[in-house]
Amino acid sequence: MKKLLCMLMAVCSLAVTAQKEKTVTLDEVTVKGARIVKKVDGQWIYPTKQQIAASPNGYSLLAKLTLPHIRVDEAMNSITALTNLGTVQVRINDILATREDLQTLDMQGIDHIEFIDNPAVRYGEGIAYVIDIKVKKPISGYVLGTQLTNTLTAINGNEMFYGKVNRGRNEFAVNYNIDYHHFKGQAYEEYSTYLFENGNATTMHRRSEQINSKNLNHNAQLTYSLSDSSYVLQAKLSGSTSIHPQRRDAEMQLNGAPYEEHSSSRSSSPSLDLYYHQYFSRHQSLTANVVGTYIRTTGDAENNEGSCYRYTTNGKTWSLWSEAIYENRLKPFALSSGIQFGQRYSHNKYQGDAEAVNDMHTSSLYLFSQLKGHLGKFSYMGGLGVSRRYYRQGDTKNNFWLFRPKFTVSYPLVERLKLKYDFEISQHVSQIALVSDVSIKQNSMETILGNPEIRPNRVTSHHLTLSYSSPRFTSELQGYYRINSHCNMEKYIRKDGHFYQTQTNADNECNFFYFDSYNQWYIIPNKLTATVYGGIYRFFNFGEDYTHTYTSFNGGCSLQAFLGCWTLGAYADNGWNFMEGEHRGHQAPAWYLTCNYRVNSALSISLYVQHPFSQHPLTNKTEVLSRYVQKEISQHYRDYGNMVTLKLSYRLDRGRKYRDIQRTMNHSDSETGILQSK
């Protein structure tokens with residue numbers, strides 16, 4: 001018996017030893033760390049497996065992340081910044097991404113998302129947020145897919161087909177999509193008061209009886225990529241064209257008297273994008289990008305308020321954009337320097353009641369350099385951008401230099417609590433159409449005037465952020481103050497009983513500040529997530545002959561539930577309420593419900609309900625507070641109310657293997673410089 005016990009103990013000891021040895025010799029060890037990593041210029045977000053599996057494309061994934069101040073409309077494939085700080089720039093592996101790139105994004109290759117709410121000097125002007133999706137490089141296999149999106153309650157859809165083949169260092173990709181809509185339920189109402197030179201005033205009531213809007217476009221992209229561990233060479237040829245003209249037909253009333261408005265436009269735009277990235281060593285790299293774009297636009301517009309006013313447009317735009325960036329990742333900092341150069345020529349011909357020929361030559365040169373690193377517990381980023389702008393239109397010429405210093409520093413106060421301060425001086429450049437010397441009649445009382453004398457203005461901003469992060473809770477408290485000196489602001493001119501809307505620099509100043517809070521709580525890890533954000537915004541507008549102030553609250557919330565093959569979501573915000581110049585704007589609130597069912601690894605079905613329980617949701621509200629012109633304008637869309645959209649996503653892939661990060665690109669031009677009636 002004693003010998004038997006000894007033998008059993010020996011066997012148990014061998015089993016335990018074998019088990020220990022088995023545990024030690026595992027090939028892979030998974031360590032669950034922080035899902036959000038704070039950086040000096042923003043944060044890195046590592047999506048969960050549940051979020052990736054439940055997302056048929058890039059728009060769906062970004063919607064589930066609920067990024068601060070960002071609204072993502074999965075059904076309409078749009079991303080909007082809910083602030084007045086600038087636009088959202090979406091990139092894949094640091095290169096600008098198109099809508100098609102996001103729709104065909106390789107979800108299984110996603111590594112992480114870099115959300116940059118403090119863009120460095122290299123990103124240029126007017127960029128408030130950068131979303132950079134980091135994707136691994138596929139080296140073998142193929143993928144074929146389609147996404148069919150159709151609204152069940154209105155005529156609206158987008159049909160996408162795509163394919164990619166990878167073999168060693170080569171990748172061939174093609175995608176094609178057709179998008180269309182025909183909305184009939186738009187309602188427009190406007191109350192306007194005009195003050196004349198003799199002191200008399202007249203009030204006009206404009207409203208729509210029926211408005212139809214329709215569009216039918218197709219887009220295609222061909223991409224070839226050659227890469228290995230030390231370089232990437234890519235060429236992309238893309239094009240879009242109108243299959244049928246985009247039309248808007250409106251039956252209107254002015255104080256009870258009927259009149260009509262009609263407009264149509266048609267465009268085509270091929271673009272060629274060449275991109276090259278070279279690693280010289282583990283620390284040094286060089287990136288070069290050249291993009292050529294041609295835009296052809298034709299259109300006509302007719303307004304019969306009071307009398308018939310009709311004109312046609314015929315526009316052509318050629319542009320060339322290029323960039324070169326050198327990076328050296330030294331210790332304890334990284335150095336980035338680069339140059340951007342752009343050249344654009346626009347030839348726009350107006351015929352009819354807006355007779356004019358408008359030729360514009362513009363060029364831009366931008367040089368920048370920055371350092372990013374650590375000094376003990378301090379993280380910092382500092383840089384300087386210098387730009388030269390040249391503009392010529394007829395006898396008007398402008399040539400000016402602008403500087404863009406930027407500095408950011410962050411410091412961890414205690415564990416998980418970080419304080420960050422950002423200072424920046426940048427510039428704001430008006431749209432090309434606003435600086436043209438063309439005038440377009442809006443209605444019987446108003447005309448829009450372009451102003452060739454507009455110059456870019458200086459923007460100074462201060463941004464203070466206190467953030468807290470834990471595995472289940474993330475919170476940010478922000479304070480922001482912006483000063484726009486000699487900015488391009490709206491001005492109404494009264495002359496001979498008519499009113500002209502234009503832009504001017506003069507001694508204008510448009511300032512605002514806000515305090516807001518963003519909070520995200522993982523109530524049940526990988527199952528249930530809630531987000532709440534909101535803040536108080538205060539606007540100050542000092543024009544040549546007016547002062548306007550405004551205070552608003554802007555906020556929203558969301559809830560995401562991951563239930564196996566089912567994913568449920570709810571989102572709501574109150575829009576963006578702001579004041580700029582003499583316009584008080586109310587961007588429409590939004591509330592969405594989403595449901596995604598993953599049938600298998602290849603097929604998923606998504607259902608989107610937009611603005612439920614609302615028959616005619618508000619899409620836009622504007623107030624004009626000029627001493628000569630006062631307006632209240634509201635627009636509602638019947639087709640946006642209780643909108644139900646169905647999306648079928650199918651993806652077939654075989655033999656896919658990945659290695660390091662791949663880069664894709666797109667920097668095609670879209671500005672035609674054509675001034676249009678609103």
Side-chain angles (χ1 to χ4, degrees), residues 30-39 42-75 79-80 82 88 90 102 105 107-108 110-115 117 129 131 133-134 416-418 465 467-478 516-535 554-574 589-598 604-610 612 647:
T30 301
V31 179
K32 293 185 178 180
R35 200 182 69 85
I36 296 178
V37 179
K38 296 293 183 179
K39 298 290 183 178
Q43 53 186 276
W44 288 13
I45 303 171
Y46 291 85
T48 64
K49 292 181 179 180
Q50 291 79 7
Q51 289 174 328
I52 292 177
S55 302
N57 57 37
Y59 287 102
S60 180
L61 178 61
L62 294 177
K64 291 175 176 59
L65 298 180
T66 320
L67 301 172
H69 304 124
I70 303 294
R71 177 199 288 172
V72 180
D73 188 337
E74 300 179 58
I79 301 176
T80 306
L82 296 177
V88 182
V90 182
L102 287 175
L105 186 64
M107 304 304 296
Q108 299 306 314
I110 291 178
D111 184 72
H112 66 277
I113 288 94
E114 297 181 7
F115 177 59
D117 58 5
Y129 307 99
I131 302 172
I133 305 173
K134 298 298 185 180
R416 298 177 179 175
L417 189 65
K418 180 179 289 187
T465 304
S467 60
Y468 173 82
S469 298
S470 71
R472 293 184 57 182
F473 183 72
T474 299
S475 180
E476 287 188 350
L477 182 64
Q478 299 186 59
D516 73 357
S517 177
Y518 171 86
N519 307 276
Q520 191 170 71
W521 181 27
Y522 303 98
I523 303 172
I524 304 176
N526 301 324
K527 295 293 184 181
L528 185 63
T529 304
T531 303
V532 178
Y533 64 91
N554 300 304
C557 59
S558 74
L559 193 66
Q560 297 284 340
F562 301 93
L563 309 172
C565 295
W566 293 89
T567 302
L568 306 177
Y571 171 87
D573 66 56
N574 72 329
W591 57 103
Y592 309 145
L593 299 175
T594 64
C595 176
N596 176 269
Y597 177 70
R598 189 173 69 257
S604 67
I605 303 173
S606 302
L607 190 69
Y608 307 99
V609 182
Q610 297 178 271
K647 176 178 290 187

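What you see is a predicted model; the values in this text were computed from it and never measured. Index from 1, following the sequence.
- Using a 4.5 Å cut-off on side-chain heavy atoms (C-beta onward), T567 and T594 make no contact.
- Classified by interplanar angle (parallel below 30°, tilted 30° to 60°, perpendicular above 60°), the ring pair Y597/W566 is tilted.
- Remark: the N519 side chain and the S517 side chain contain an N/O donor-acceptor pair separated by less than 3.5 Å.
- Looking at heavy atoms from C-beta onward, P56 lies in side-chain contact with S606 at the 4.5 angstrom threshold.
- L67 CG to Y533 OH: the interatomic distance, rounded to the nearest 0.5 Å, is 10.5 Å.
- Between F473 and Y468, the ring planes lie tilted relative to each other; the angle falls in the 30° to 60° range.
- Taking 4.0 Å as the cut-off between side-chain N and carboxylate O, E476 and K38 count as a salt-bridged pair.
- You'll find the side chain of N554 stays beyond 4.5 Å of the side chain of L82, heavy atoms only.
- Using a 3.5 Å distance cut-off with no hydrogens or angles, the side chains of D516 and H69 do pair a donor with an acceptor.
- With 3.5 Å as the limit, one finds no donor-acceptor pair spanning the side chains of T48 and N526.
- In this structure the side chain of V88 never reaches within 4.5 angstrom of the side chain of T80, judged on heavy atoms.
- Side-chain atoms of L528 and L559, non-hydrogen and from C-beta on, do get closer than 4.5 Å to each other.
- For the pair I131 and I113, the minimum side-chain heavy-atom distance is below 4.5 Å.
- Atom-to-atom distance recorded for Y59:OH and K647:NZ is 9.0 Å, nearest 0.5 angstrom.
- Looking only at atom types and distance, the side chain of Q610 has a donor-acceptor partner in the side chain of D73 under 3.5 Å away.
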